[in-house]
Structure formats: C-alpha cells, structure tokens
Amino acid sequence: MKIDVTLPDGSVRQYEQGATAMDVARSISEGLARNVLAAKVDGEVRDAHRPLPGNCTLQLLTWNDPEGKATMWHSSAHLMAEALESLYPGVKFGIGPPIEHGFYYDVDLGDRVITDKDFPAIEARMKELAAKKNVYVRTEVSKPDAIKYFTGKGDEYKLELIDGLNDGEITFYRQGDFVDLCRGPHIPDTSAIKASKVLSIAGAYWRGDETRKQLTRIYGITFPKQKELEEFLTMIEEAKKRDHRKLGKELDLFTFSEKVGAGLPLWLPKGAALRQRLIDFMKAAQEKDGYVPVITPHIGGKQLYITSGHWEKYGKDSFRPITTPHEGEEFLLKPMNCPHHCEIYASRPRSYKDLPLRLAEFGTVYRYEQSGELHGLTRVRGFTQDDAHLFCRPDQVKEEFMKVIDLVLKVIKALELNDFEAQVSLRDKADRSKYIGSEENWEKAEQAIIDAAKEKGLPTQVEYGEAAFYGPKLDFMIKDALGRKWQLGTIQVDYNLPERFELEYVGSDNQKHRPVMIHRAPFGSLERFVAVLIEHHAGRFPLWLTPEQALLLPISDKYLGACANVVRSLKDSDIRASVDERNEKIGRKIRDAELARVPFMLVVGEKEAEQGTVSVREHGQGDLGTMTPAAFAEMVNDRVREQLGGL
RNA sequence: GCCUUUGUAGCUCAGGGGUAGAGCACUUCCUUGGUAAGGAAGAGGUCAGGGGUUCAAUUCCCCUCAAAGGCUCCA
C-alpha cells in the first residue's frame with residue numbers, strides 16, 4: 001500500500017504506508033531534511049517524526065515559517081525547563097508556550113529566588129543539553145498514569161492541567177531526562193537549537209488569576225544560528241533607542257515630576273506646541289465633517305456617573321469622589337466625556353432634523369490606573385481625548401460610522417502611520433454579565449460595526465471580550481518600536497447610554513424616538529498618540545508637525561543679522577525656524593541640529609549673506625545646495641501640503 | 001495592586017562604612033570658523049525620602065516614594 005502526499009506546489013508523491021514527514025523531506029533533499037522543524041499535515045502542525053496518517057497534503061515547516069518558529073520555541077521552552085530542573089532540583093512547572101518573540105516558562109521555585117545573574121548558567125546548561133541531540137519523544141499516556149507520574153514528582157500545577165483533560169487525549173514529550181505534559185508538536189531533536197538567551201524574569205499569576213499563586217515567568221528566545229541571536233539583540237537595542245520616554249526627554253517634549261505625581265505628564269513648550277498642532281489639525285478636519293465644539297468641566301456630580309453606569313462599573317477602582325465642605329455633595333473627576341455630552345444633548349428637545357448632532361471636545365479625563373501599569377505617555381492617569389459623540393437616527397448609524405472611519409484613515413495617512421490593523425472588539429461570548437444593555441441592541445451595534453469595516457475594506461481582526469461595557473468598538477491598533485500593539489483611534493456604537501439618559505428626538509411621525517450614539521476618538525488619547533508617533537518615526541516627525549522645521553546656522557556671529565532676516569521672512573511664510581546663536585563652529589552646529597532631528601539646516605556665511613540665499617542641508621540627507629529663502633519656503637510648504645492631503 | 005530589578009550632578013554612568021568622581025550639558029573667557037564634537041577656566045550633589053544598626057551610613061538593614069521589565073487591569 002502506498003500513500004499519496006500532495007506538496008504545496010501541487011505535486012503528488014507516493015510513499016510507503018507509515019512514512020513520516022521527515023522521510024518525505026529526505027526524499028527531496030538532505031539539506032531540507034536538516035532544516036525541517038515540523039510538518040503541516042492537512043492543515044494541522046505535527047511532529048516531523050510522526051507517521052503520516054494516509055493520503056494527505058503536506059507542508060514541511062522550517063525556521064522560515066511562523067509555525068516552524070513557534071514549534072522550535074515551544075521545544076526550546078522544554079529545553080529551558082530541562083536546564084532549570086537540572087540546576088534547581090524540585091522546581092515545579094506551570095505552562096511554557098511559544099510567544100511572538102521566543103517563549104516563556106512559568107515555574108515555582110519554592111523559596112528560591114532567581115535573578116538575571118543566574119541567566120548565564122541557565123543559558124550554558126541549555127547549550128550543553130541541546131548539544132546532546134536529544135530526540136523529542138512523544139508518548140500517549142492514560143490519565144491515571146499521567147496523574148501517577150506528576151503526583152510522584154509533586155507538581156500540583158501539571159496535575160491541575162491534567163485534571164482538565166480527557167483520558168485518551170493526554171500525551172507526554174520527553175527529551176533527555178525531562179518529561180513534560182504536552183500536546184506538542186515538537187521539533188525532531190534538540191540539535192536545531194544553536195543559540196539560547198534567557199531574556200527576563202517576571203511574576204505571573206498561575207492561570208492569569210490574581211487571587212492565585214504568583215509563579216516566576218522566565219522569558220527566553222532561541223535561534224538556529226548564533227548570528228541570528230546577535231541580530232535579534234541588536235534589534236532590541238535599536239528599538240530601545242526609539243523609546244518615547246528616552247526621546248521625549250532628549251527632544252524636550254515632556255517630563256514627569258514626583259511631586260506632581262506618577263502618571264501625570266507635564267508637557268514642555270516643544271511638546272505642547274506639537275500637541276497643539278495635532279489639535280489644530282483635528283479641529284480643521286472635524287469642522288469639515290460637521291462637528292461642533294463643546295466644552296465641559298473636569299468634574300461632574302456622582303449622580304451623572306450613576307446614571308451612565310460608570311459608577312457601578314468602575315466606582316470602586318476609581319479616584320475617590322471630591323466632596324464639598326458643607327453640603328456633602330460628591331463630584332468625580334471625569335473619567336469620560338460622554339455623560340457630560342449626553343446632558344448637552346438633553347438640554348433641549350431635539351428634532352430628527354437636528355440629527356446627526358456631532359459634539360466634539362478635546363476633553364481631559366482622569367482615570368485611576370494601578371501603579372504598576374503606568375508607562376511613559378502610553379498609560380497615564382490624566383490624558384486628553386480628541387473625543388466626540390455623534391447622536392444620530394438609527395438609519396444614519398452606518399453612514400456616520402463610515403465617515404468616522406474615513407477621518408481615522410486621514411489621520412493615519414497624514415501622520416504616516418502605515419502599519420496598522422483594525423480590531424473589531426466584540427463581547428465576551430462566555431460572560432455577558434460584564435456588559436449593560438439588551439441583547440437586541442448589542443446585536444444591532446455589533447453588526448453595524450462588522451458591516452462598516454467590511455464595506456471599507458479594512459484589514460480587520462475580530463477580538464471577543466474586548467468591547468467596552470456599553471458597546472462594541474472598532475479599534476485602530478498601531479505597533480510601537482518594540483512591536484507592542486497600542487490602541488489609538490477608536491469608534492464605538494452605543495445604544496445603551498441614550499437609554500440610560502433617556503435621550504429622545506421627535507421623528508417625522510411626530511413620535512418620540514431614541515437616538516443612537518457613536519463615541520469616537522481618532523487619536524484616542526493625545527498622550528498615547530504622541531508616544532506612538534515618537535516611536536514610529538524615531539523622533540523624526542512629519543514636516544508639518546515637527547516642533548522646529550528649520551534651524552539657521554551662521555558660519556560666524558558676523559552673520560547673525562542675516563540669519564535673523566531669513567527667520568523673519570520664513571515666519572511670514574508660516575515656517576517654524578530659529579537661529580543657533582551659539583559661539584560654535586559650523587560643524588558643531590550641524591552635528592547638534594542633526595541629533596535634534598531638525599528637518600532642515602540653513603547655513604549662512606559670507607557668500608549667502610551677500611547673495612541673500614541660504615545653503616540648505618536636509619536631516620539625514622545632506623547638502624541640497626543654495627536657494628533663496630522664498631524658494632526654500634515654497635519647497636517646505638509644498639511638502640507640508642502633500643502630507644496633509646489637502647487639509 | 002503583585003513579582004523581580006533599579007534610584008549617586010540637568011543627562012549617561014563609575015565608586016564605595018571615615019561626609020563624593022568622569023564624560024556630556026551649563027556659565028565665563030579665548031577663538032570668528034564652510035557641512036556631524038575648537039580650547040581653557042568655573043560652577044553644580046542632604047548620594048530619592050524617612051527610620052534603624054554603628055564612634056561614624058551615600059555605602060549595611062527596614063519602610064515609603066518613583067522608575068524599568070512582566071502579571072492582573074484598562075470606561
């Protein structure tokens with residue numbers, strides 16, 4: 001009996017019954033066989049050593065395939081566990097999965113504490129064990145035998161995992177002396193793991209439950225070549241250079257003060273100007289789209305949030321209410337702008353002809369974030385949203401939603417944030433108790449978002465359990481320098497707040513109807529948005545946004561006057577420029593301007609002063625030659641116009 | 001909030017039981033220079049804050065605060 005194996009290129013080859021993916025690889029080439037890490041059989045990733053089930057499609061997975069990497073890292077987690085067990089006898093193991101960059105293993109070291117000083121020893125042991133070329137051996141185990149094994153080992157975590165599995169579907173994997181409960185698959189043997197690095201340690205609750213024991217999570221990464229490890233480490237170093245906390249300091253954009261408080265950013269003049277430019281940009285765009293600005297105070301009566309549902313949902317984990325000295329009134333720092341905006345809507349009767357009503361506010365909100373969660377500008381306790389609430393008729397929801405998507409895309413384009421993904425955030429399928437509002441309204445809202453995203457052809461990803469408590473969201477996710485995804489823009493359809501605030505409008509039928517609300521913030525929070533901008537552009541902001549577009553560099557102080565004239569004429573053309581008046585040589589001034597990421601350096605010496613020109617040098621590009629200030633201004637303004645796409 | 005680590009000049013960091021050091025930045029002076037660091041001098045620190053051990057603490061111990069990497073959380 002032969003079996004037919006269909007390869008990715010469509011070719012079909014015949015093999016003996018019981019042949020493995022590895023046999024197939026060998027029949028193609030020895031080189032391929034050496035590189036095979038796992039196999040995808042009829043769409044399922046399996047050990048390359050397992051016999052093929054019969055006629056099947058087969059894709060051989062190597063380091064170049066994401067699943068190949070994941071398999072290697074999963075096997076590496078086992079290798080690290082083996083190293084840990086030999087170094088620290090009695091260690092107990094939780095779970096050890098592959099992740100985006102590498103893998104981790106959660107371990108219980110008892111009273112022992114390990115620190116980064118222990119990493120080299122672990123790495124060395126991993127290298128030693130990998131060199132043994134131990135084969136990853138898969139065995140099917142009965143549930144009683146599995147329980148017996150880990151009872152003998154005293155590993156209560158594995159026993160708890162086994163408890164959740166059915167007899168007949170339990171497998172162990174063994175390499176060398178280390179046996180682990182594992183579904184697999186794994187790489188053929190440990191020899192593929194040529195370079196290992198323990199990256200960091202962290203506490204992690206068992207099964208992600210903060211009421212349970214905290215285990216030690218050890219992160220690591222491995223590569224088939226030492227060189228790739230080195231490249232990875234270089235990449236991490238490069239990413240650190242783009243860190244917005246570092247660049248924010250270097251570029252004088254923002255700072256923090258212990259006295260002001262953690263998570264409360266202070267915007268320095270350059271940062272404030274940049275932020276103001278973002279606000280101006282958004283205001284102009286919103287005005288075109290028919291938004292009307294409103295302004296509301298920073299606090300609101302407690303009853304406002306009882307009505308909105310925020311008090312019940314977040315009251316316990318919020319900043320405590322502010323109280324008045326005599327009347328005993330309670331106010332909350334506003335964590336959201338929407339309740340205030342609902343009250344503006346309710347301030348007078350509304351007709352269907354008034355809708356959609358688009359209330360916009362750059363509203364600063366305050367939320368208590370756990371101290372360990374604060375992070376630069378991306379996670380703060382006080383921040384400003386480019387918030388707006390669109391009150392519309394049900395028949396207007398889809399069109400309004402799509403217009404908001406266009407606005408977000410405009411922002412993404414103007415700020416050159418190309419690497420984004422739209423995330424459709426829906427309810428947790430399992431736990432509806434986390435949300436307010438009727439099943440019917442949720443269905444309608446979720447469908448509206450799915451339809452709109454589809455119609456716009458956005459690259460989308462559906463996530464369950466990520467919805468806000470009052471409605472589903474469309475979130476725009478952007479990656480930062482370290483590859484972490486951040487939610488920036490968000491659009492949310494909400495049928496619930498209008499109900500809670502009993503908002504109404506009179507329809508053409510002269511009956512009262514309930515409007516639908518769309519919450520939206522294209523930047524999200526200005527703080528987080530600026531952080532992601534800094535990292536994405538490594539501090540080299542788009543020309544229209546950058547704090548200083550041009551810096552005049554006089555060859556000597558004889559030309560300070562000529563420089564001042566140029567600055568004046570550039571300012572008339574709306575170009576932000578100033579003069580480096582320091583008594584330094586030109587090389588020094590250029591170096592400092594390059595490091596400060598000033599887009600254009602304008603050198604003025606004897607020749608330029610006489611001719612009334614400037615010698616233009618572009619950041620990262622070099623000398624562009626001399627031109628008149630007017631020609632330079634035109635070039636800058638042309639580029640700005642192009643970036644803003646007609647806004 | 002929890003785990004691990006960290007906190008010395010504006011910044012980056014060295015040091016270490018006997019009341020502190022470098023480079024850069026800053027100030028002043030010299031230099032007036034042509035596309036990525038000109039020279040000299042000077043000033044600048046309750047060694048995060050509080051408590052303890054000690055004849056003596058910036059150094060050792062404890063607590064608090066802040067920061068880093070994670071976990072949980074994120075309207």
Side-chain angles (χ1 to χ4, degrees), chain A residues 104 106 109 113-118 199-219 240 243 245-246 249-250 252 255-263 305 308-315 317-318 334-339 365-376 378-381 385 387 435-436 466-471 473 482 487 490 492 494 497 519 521 525 528 553-560 582-596 601-608 615-620 622-624:
Chain A
Y104 66 79
D106 284 348
L109 294 154
V113 171
I114 71 164
T115 70
D116 50 12
K117 293 176 188 63
D118 301 308
L199 294 172
S200 60
I201 49 175
Y205 302 108
W206 171 233
R207 308 208 116 177
D209 183 341
E210 66 181 321
T211 63
R212 306 198 62 180
K213 182 163 172 145
Q214 191 154 37
L215 306 180
T216 303
R217 175 165 296 178
I218 306 178
Y219 287 88
K240 279 184 188 160
D243 191 307
R245 293 164 300 184
K246 183 174 150 64
K249 198 180 269 174
E250 282 175 19
D252 290 323
T255 188
F256 289 90
S257 148
E258 274 191 35
K259 287 199 190 73
V260 173
Y305 300 99
S308 71
H310 289 99
W311 176 254
E312 189 196 347
K313 186 81 185 165
Y314 293 102
D317 304 310
S318 255
K334 73 174 169 186
M336 294 281 290
N337 302 300
C338 36
V365 297
Y366 299 89
R367 297 176 184 176
Y368 172 76
E369 301 287 357
Q370 299 185 89
S371 59
E373 234 349 287
L374 301 173
H375 180 93
T378 55
R379 193 77 184 268
V380 290
R381 284 176 172 166
Q385 296 175 307
D387 209 0
Y435 310 98
I436 59 171
E466 293 291 312
F469 73 95
Y470 51 74
K473 308 189 285 181
L482 291 166
Q487 176 202 314
T490 176
Q492 309 169 9
D494 180 5
L497 276 189
H519 306 241
S525 109
R528 177 178 293 183
L553 308 180
I555 293 288
S556 80
D557 54 17
K558 283 185 235 160
Y559 311 107
L560 281 171
R582 294 174 307 163
N583 177 9
E584 289 292 349
K585 292 204 196 179
I586 192 69
R588 179 52 179 275
K589 291 177 188 174
I590 284 171
R591 176 183 156 79
D592 289 347
E594 287 280 352
L595 290 176
M601 288 145 272
L602 307 180
V603 177
V604 175
E606 186 178 359
K607 190 178 60 174
E608 292 82 0
S615 172
V616 181
R617 179 188 164 107
E618 184 169 2
H619 172 78
D623 203 341
L624 299 187

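A quick note: this is a predicted structure, and the numbers were derived from the prediction, not measured. Every heavy atom of this structure was used, including side-chain atoms; hydrogens, water molecules and symmetry mates were not. Each chain gets a letter, A, B and so on, in the order the sequences are listed, and its residues count up from 1.
- The gap from the P atom of rG15(B) to that of rG34(B) amounts to 42 Å, rounded to the nearest Å.
- An OP1 or OP2 oxygen of rG69(B) is reached within less than 4.0 angstrom by a side-chain nitrogen or oxygen of H375(A).
- Residue-to-nucleotide proximity on RNA chain B shows that, of P554(A) and Q492(A), the 5′-proximal contact is made by P554(A).
- K246(A) meets the side-chain hydrogen bond (donor to acceptor under 3.5 Å, both in side chains) test with E250(A); sequence neighbours excluded.
- Among the nucleotides rC73(B), rG33(B), rG70(B), the one closest to the side chain of R217(A) is rG70(B).
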Inset, instruction - Using a 4.0 Å cut-off on protein heavy atoms (strictly under), produce a 5'-to-3' string for nucleotides 34-47 of chain B with B for base contact, S for backbone-only sugar-phosphate contact, and - for none. - result: BBBBB---------

Distances under 3.5 Å only, N/O to N/O: pair up the protein atoms with those of nucleotides 2-8 of chain B.
from	atom 1	to	atom 2	distance (Å)
rC2(B)	O2'	Q214(A)	OE1	2.2
rC2(B)	O2	Q214(A)	NE2	3.1
rC3(B)	O4'	Q214(A)	OE1	2.6
rC3(B)	O2	G203(A)	N	3.1

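- When the C1' atom is used for both rU46(B) and rG7(B), the distance is 16 Å, rounded to whole Å.
- Comparing rU32(B) with rC11(B), their C1' atoms sit 30 Å apart, to the nearest whole Å.
- Comparing rA14(B) with rU58(B), their C1' atoms sit 14 Å apart, to the nearest whole Å.
- Taking atom NZ of residue K246(A) and atom P of nucleotide rG69(B), one finds them 14 Å apart after rounding to whole Å.
- Taking the side chain of D557(A) as heavy atoms from C-beta on, and the options rC74(B), rG33(B), rG69(B), the nearest nucleotide is rG33(B).
- Note on Y219(A): only backbone sugar-phosphate atoms sit closer than 4.0 angstrom, heavy atoms only; bases stay farther off.
- Taking Q492(A) as the reference, Y470(A), T490(A) meet the side-chain hydrogen bond (donor to acceptor under 3.5 Å, both in side chains) condition, with sequence neighbours excluded.
- Residue side chain R381(A) does not reach the base of rC74(B) through any donor-acceptor N/O pair under 3.5 Å, judged by distance alone.
- Residues forming a salt bridge (Lys or Arg N to Asp or Glu O under 4.0 Å) with R207(A) (at least two apart in sequence, or on another chain): E160(A).
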Inset, instruction - Give the dot-bracket string for RNA chain B, reading 5' to 3', where a pair is Watson-Crick or G-U wobble with both distances under 3.5 Å, ( ) marks pairs inside the strand, [ ] marks pairs crossing earlier ones, | marks a partner on another strand, and . marks unpaired. - result: (((((((..((((....[..)))).(((((.......))))).....(((((..]....))))))))))))....

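- No side-chain heavy atom of R381(A) sits less than 4.5 Å from a side-chain heavy atom of R367(A).
- Side-chain atoms of Y314(A) lie closest to rC74(B) of the nucleotides rC74(B), rG69(B), rG33(B).
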